[in-house]
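As a basis for the values below, the full set of heavy atoms in this structure was taken, side chains included, without hydrogen atoms, waters or symmetry mates. A, B, ... follow the sequence lines: proteins, then strands. Residue 1 opens every chain.
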Amino acid sequence: MSAPLPAQEQAKAEEQKLSPAELKKRAKAEKQARRAAQKGGQEQDGDVGASATAPNGVNGDSNTTKHDSGATQQQHAQKPKGEKQQKGQQQQKHGRQGAQEVESHHKRTGSQSQPLPIRRRPSQSGAPPVVQKPAPKKINKQVELFSHLYTQPRRQSIEGVSKDIHPAVLALGFQMSSYEICGSSARCVAMLLAFKEAIQAYTTPAGTSLARHLTSHYLSPQIDFLKSCRPISESMGNAIRWLKKLIVEIDPDTSEQDAKDDLCERIDTFIRERITVTDQAIATSACQQIKDGSVVLTYAKSSIVERTILEAHTNGTKFRVIVVDSRPLFEGKSLATSLMHAGLEVEYLPYSAISHAVKQATLVLLGAHSMLSNGRLQSRVGTASVAMQAAKSDIPVIVCCESVKFSGKVALDSIVLNEVAPAEELLLPSQSASAKPAKEDTSEDAEAKPKSLSDWKDIANLQILNLMYDVTPAEYIRMVICEYGSLPPSSVPVVHRLANEGM
Amino acid sequence: MPAPVVGQTPSLTTFLKSLKHSPIETSIELLISLLRRRQISHSRPCALATAHLLLRVVAAERLKPTTDSTVAALRLIERIRDVGRRLVAAQPREMAVGNIVRRVLGVVREVVEEQGDGGEESSGGGSEPMSPLAPAVPQDLRPRPRTPGDATPPNFDGPSDIAVNSRRPALASSTSYAGQGPQSTSLLSFLEHPLGRSPTATPSTPGTPSRKSTQDKQEKLDIKAEVIDGIKELLDELEVVDTQIAESALEHIHSGETILTHGSSQTVQKFLTTAARKRKFTVVHAEGWPNDHEATHATIVNGGGGTGIEDEKWKPLTSMGVTVILIPDTAIFALMSRINKVLISPHIVLANGSLLAAAGTSTIALAAQAHSVPVVVLAGVYKLSPVYPFDTQELIEYGDPSKVVGFEEGEFVEGVDVGNPVLDFVETETVGLFVTNLGGCARGYLYRVVADHYRGEDVDLSAAAAPNGKTVA
C-alpha cells in the first residue's frame, strides 16, 4: 500500500503541518514544560510509570459506546507490548528506518526511561512520538497544488505509538482514520469522551500540579496522536482550546481526584450544552423551514440535517427528501437508510444528478465541517457545487451548524485549508466487480493486458486527488442556523467570538 | 464512448457486419432494437449505424426506370423519412440518428435541385477547374430556385449566402469561417461539384456522371448514385470528424495550462493528445461517477481509441508527458479556481447552443461560469441538432440505477427511490466557444451553422411529407 517517507522529509512534513498558531501554542507548551521540569526533575519517573500502567487498567471499562471494536483490537496489540515496548519498538525501527530515525528514536525512548525531562521534549512537542507507517509516496504522486496538505500518511497501525497514549484515544484514532467515526461533531464528542477517560487515568506526578502538567505532558501527546490519524476538525480544535483553558484555570488547591472529576463533569456539560442540546435546538429551529410539500435536498450526511428532517417528520410535516451522494465515502447512503427507516419518502441520486435534484428541490439543507469567519462554509467536498446549483436556481440554501464549528480562520478557496485523503480510496473495489479484498484482486487484474487504475503508482504523470472538503462561497448561502439563531453568513465571526472566544 | 466490444455482444461492429448480408428490412429492425436496448448508444456510433443503414436503404431502393427523376426522388425521400421516423421513434434521445437522417434527406433534395436547374448551373460549376481546397459549403435553407433572384451582397461573410449566390467564390470565402477549410469535407458541397472532392474523401464513383449528359435514363441512375455518393461523403465526415476537431487543438491550448475535462470522450482525448504532441500542460480529469467512471479510468490509464470499427488507438496522455490528475466529480468546484479551460464533448448540441451532455456537465459548466473559466465545447457537425429545446426534461435520459446502488442492497433499493440520469441539460449561456470540425464558432453564430446543414422541410421528421411542389419546385 504505502511505504515509508524518507526520515528527513517526514520531519519536514511534521514541521510544515503546524500553523503559526500551533507553533505559538507549541512554544508555550514547551515553556511550560521547561518550567515544570525545573520544578521537579524526578517526577518524570513516576509519570512514566503511571501512564505506562494506565492503559491496560482503564481499557476494560472504556469504550463502551462506539469504541468497542477498536478497543479490543487495541488490547491484543497492547498486551504483548506492555513490558517490552521499548525493545520491540527499537527492533522494528531498526528493521525499517535509516540510522537517523533510529537515533532519534533512541533519544525518545531513552527519555522515557530516564528522568531527563528536557530530552523528553521532542516527543511531546509537535512530532508525535511515532514512527510513520511505511508510505512511499513518490513525489510525483502528490498533486503540486496541494503539496502543503500531504503532511504524512494517515496512521493505520499501532506500531510505534508512544505508550503514553491512552487506549481510548488509540481506539478513537483508528476509528477516525478509517471513517468509522466521521463528521465534525461526532469526532469532537468522541474525542472529548476519550479524553475524559484519559483524564481519569491520569495521575499527576509528584512535584508538579495537575494544571501545569496535564495539558502539556499528557494531553498534548494524545492530541498529536489523533492528529496523526487524521487532521483534527475545527470543532475538535475549539474543544481542545476550551479544555486547555479549563485545565489552566483549575484551582491548584483542589485535590487531584476532585479536579479530575470536575474536569470530566465540565466535559460532559460541554458536550451537552454545545453539541447535544444545541443539535436539538438547531433541529427545532431548522425544521420550521420544512413545510408541507417541501422537497428537501441534502448532500452526503450531516447529523444535524438528519435530526432536522426526522424532527420535521415527527411533527407530521409531509415532505420529500432527496439525498445526493458521492464517491468514495457514500455517507448519504446511511442518511438515506435512516430516513427510509423513519418512513420518509427518500430519493437517492448520484452526484452527477445534482442539476436534476435541484430542479425538484424547494430547500437545500447542508451540514458543515466548519463555518469560516468570512462567511464561507467548509464542508464535505462537493457541497459547494450543490449550493451553487441551488443558488443559481434560487432555492434557499440553509446551513445547520453548531457554534462549536465556527472558526476564526478565513479562506477564499478550497486549496489552502483542506485535507487530502488517501488516493487509494478512489480506486474501484476491484475491476472484476465482485470480490471485496481489493488489493489482491486488482493486482491480478493488472496482469491482464490493459492496465487498471490500481496501477496508478506505476504510471508516470498520473495523479489521483482525493480531497475531503471544499469551501462554499458565502453568496450561495441564504442562512446559517446555529443555536444562537438564524443568521446570514456574514454574522459568523460575531457568533464565533461570542461562543468560542468569549468564554 | 462505450468500452471496447468483447465477443459477440450486439454492438455497432456486429451490426455493421450483419448489414452486408441481411435483407434491408431485417437490418432496419435490428438497428431499431439495438437502439432500444441501448446496445448502440452515444452520438457517433448511432450516427455511423444510421448512415450505413441509410446507405443500404438507398441502394436497395428500386426506382422504376419509367418514373421521372423528381418522382423518384420523392419516393426516395419518402422512404428515408419513413425509415428515419422509425429509427428516431426507437430512441428519440439519440438525436444523432435524426441528424443523420436529416442530412441524408438534404442530400437527396440537393441532388434533385441540382438536376432541376442543372442546365445553367452545372455548366457554370462543372466546367470550372476544381480547387483542391474545397471546404464545406453549407447549404442554405431556402430552396434553390429562389437564389438567382436573391440580392446577396457579394462581400457578405456568411458563406452560405455566397454559396447560394455564386458558388465558386463561396468556396474560398467560407474558408475564413471554417478556419481550416482544406480538410473540411461536407458532402453537400461535393454533391454540387462532384469533381471537387477533397483528397480525404473516398473516391466513391470516379466517373461521377456529369450533368452535361442528361439523358432521361442516366438521370434516374444519377439520383441514386449521387445520393449514395453523398452518404459516403457523410460517412467519411463521421470518420475524420474527431481528427478535424483535434486539428485546431493548438489554437486553443497553450503550454502550462490546466485543463479540466470530464468523462471518457474520445473527441476530447484526441484533442488533448494532439495538443500534447507540441505542448506540455496539465489535465484535471473528473471521472464521471456513476455512469462513466470506469471508461474514464480506462481512458486515462490505457489511452483512447479502439472502440469503433476503424478507430486507431492512441497512447494515454500520461505517456506523452502530460500530467493527468484524476479527481472525483465532487472536487470540481474546489479546483475550478485553478483551471484555465474546460473541455466538454456533449452528446448533442441543440439549435440554440445548449447542450445535452453526460450527467454532471451542468455542474462543471456552472462552476466554470462562476469562476469565469471558458468552457470549450467540442462537437462534430453531426452532433448539431436542429431541435429546439422547449421541454428540457423530456430530453433527459435515465440510466441503470444499479450503477448507483447495487441490487444486492435489496432493502435500500426497495425503500429508497434511486435515480440515475445519464444526461444533463446545459444552458447555452455557460458555453464560451464551440469547436466543430469546421472550426470554432461562438454560440451566437451556431444557429447559422445548424441552418446550413439541415433543410427546413426536414427539421420535423415526424411531420407528414412536404407537398411535392415545395420540395422540388
Side-chain angles (χ1 to χ4, degrees), chain A residues 140 143-145 322-323 325-328 333 336-337 339-341 345-357 359 380-386 388-389 392 412-415 418 423 426-428 431 450-453 455-456 459-467 469-473, chain B residues 4 258 282 284 287-294 297-298 300-302 316-335 337-338 358-364 366-367 370 393 396 401 403-405 409 411-412 414-422 424-426:
Chain A
N140 70 351
V143 179
E144 182 61 33
L145 207 50
I322 303 175
V323 179
D325 206 1
S326 67
R327 237 163 62 85
K333 211 180 258 181
T337 312
L339 297 183
M340 171 187 81
H341 287 313
E345 193 186 330
V346 185
E347 187 173 349
Y348 180 82
L349 291 175
Y351 192 76
S352 57
I354 311 176
S355 62
H356 304 270
K359 254 178 219 148
R380 178 70 63 236
V381 63
T383 308
S385 296
V386 176
M388 173 191 69
Q389 284 268 16
K392 300 251 169 175
L412 287 172
D413 56 31
S414 318
I415 291 165
N418 212 325
L426 278 177
L427 303 181
L428 300 171
Q431 241 66 3
K451 282 188 259 177
S452 77
L453 194 66
D455 313 323
W456 70 288
I459 301 173
N461 292 324
L462 177 61
Q463 302 169 343
I464 301 182
L465 178 66
N466 185 12
L467 288 178
Y469 303 110
D470 66 10
V471 171
T472 307
Chain B
T258 310
T282 306
V284 178
E287 62 179 4
W289 177 78
N291 293 309
D292 213 14
H293 60 294
E294 278 159 349
H297 293 174
I300 291 174
V301 174
N302 295 318
L317 281 170
T318 47
S319 67
M320 305 180 76
V322 172
T323 307
V324 177
I325 304 173
L326 174 72
I327 58 165
D329 292 11
T330 45
I332 285 167
F333 193 94
L335 284 170
S337 56
R338 300 296 182 277
T361 312
S362 133
T363 306
I364 297 178
L366 278 179
Q393 200 53 47
I396 302 302
K403 285 184 174 169
V404 184
V405 182
E409 294 175 66
E411 198 197 358
F412 190 88
E414 191 72 26
V416 174
D417 197 1
V418 182
N420 180 16
V422 176
D424 242 1
F425 180 76
V426 183

Check each atom of [X] against the heavy atoms of chain B and say whether the ones under 4.5 Å are side chain, backbone, both or neither.
X        : value
A:Leu339 : neither
A:Lys359 : side chain
A:Leu465 : both
A:Ile464 : both
A:Ala353 : both

Please state whether the side chain, the backbone, both or neither of [X] comes within less than 4.5 Å of a heavy atom of chain A.
X        : answer
B:Ala298 : neither
B:Ile364 : neither
B:Val322 : backbone
B:Leu317 : neither
B:Ser362 : both

Let's test your reading of the structure: which of [options] forms the most heavy-atom pairs below 4.5 Å with chain A?
options                                : result
B:Leu366, B:Ile327, B:Val404           : B:Leu366
B:Ala358, B:Gly288, B:Pro401, B:Gly321 : B:Gly321
B:His293, B:Lys403, B:Glu411           : B:Glu411

Looking only at non-hydrogen atoms, find the nearest pair between [X] and [Y] and report the distance.
X        : Y        : result
A:Ser414 : A:Tyr469 : CB-O, 4.4 Å
A:Leu467 : B:Ala331 : CD1-CB, 4.3 Å
A:Ile322 : A:Ala357 : CD1-O, 3.8 Å
A:Pro350 : B:Gly419 : CD-O, 3.0 Å
B:Glu287 : B:Asp329 : N-OD1, 3.3 Å

**Prompt:** Which of these passes side-chain contact (heavy atoms from CB on, under 4.5 Å) with B:Thr330: A:Asp325, A:Val386, A:Val381?
**Reply:**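 Between B:Thr330 and the candidates, side-chain contact (heavy atoms from CB on, under 4.5 Å) is satisfied uniquely by A:Val381.
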**Asked** Would a 4.5 Å heavy-atom cut-off, applied to side chains only, mark B:Thr363 and A:Met388 as touching?
**Response**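 Yes, their side chains come closer than 4.5 Å.
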**Prompt:** Side-chain donor-acceptor pair under 3.5 Å between A:Gln463 and B:Thr323, yes or no?
**Reply:**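 Result is no, nothing qualifies.
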**Item:** B:Glu409 atom CD, neighbour heavy-atom count above 12 within 6.0 Å
**Value:**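 It does: B:Glu409 CD has more than 12 such atoms within range.
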**Asked** So which of A:Glu345, A:Glu144, A:His356 has the biggest tally of heavy-atom pairs under 4.5 Å with chain B?
**Response**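 Looking at each of A:Glu345, A:Glu144, A:His356 in turn, A:His356 comes out on top.
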**Prompt:** Between A:Val471, A:Asp470, A:Asp413, which shows the greatest number of heavy-atom pairs under 4.5 Å with chain B?
**Reply:**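 With the most close heavy-atom pairs to chain B, the winner is A:Asp413.
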**Message:** Show, in sequence, the C-alpha distance, side-chain angles and deciding distance for A:Ser385 and A:Tyr351, and conclude whether the side-chain hydrogen bond (donor to acceptor under 3.5 Å, both in side chains) test is met.
**Reply:** CA-CA 10 Å; A:Ser385 296; A:Tyr351 192 76; 3.2 Å; yes
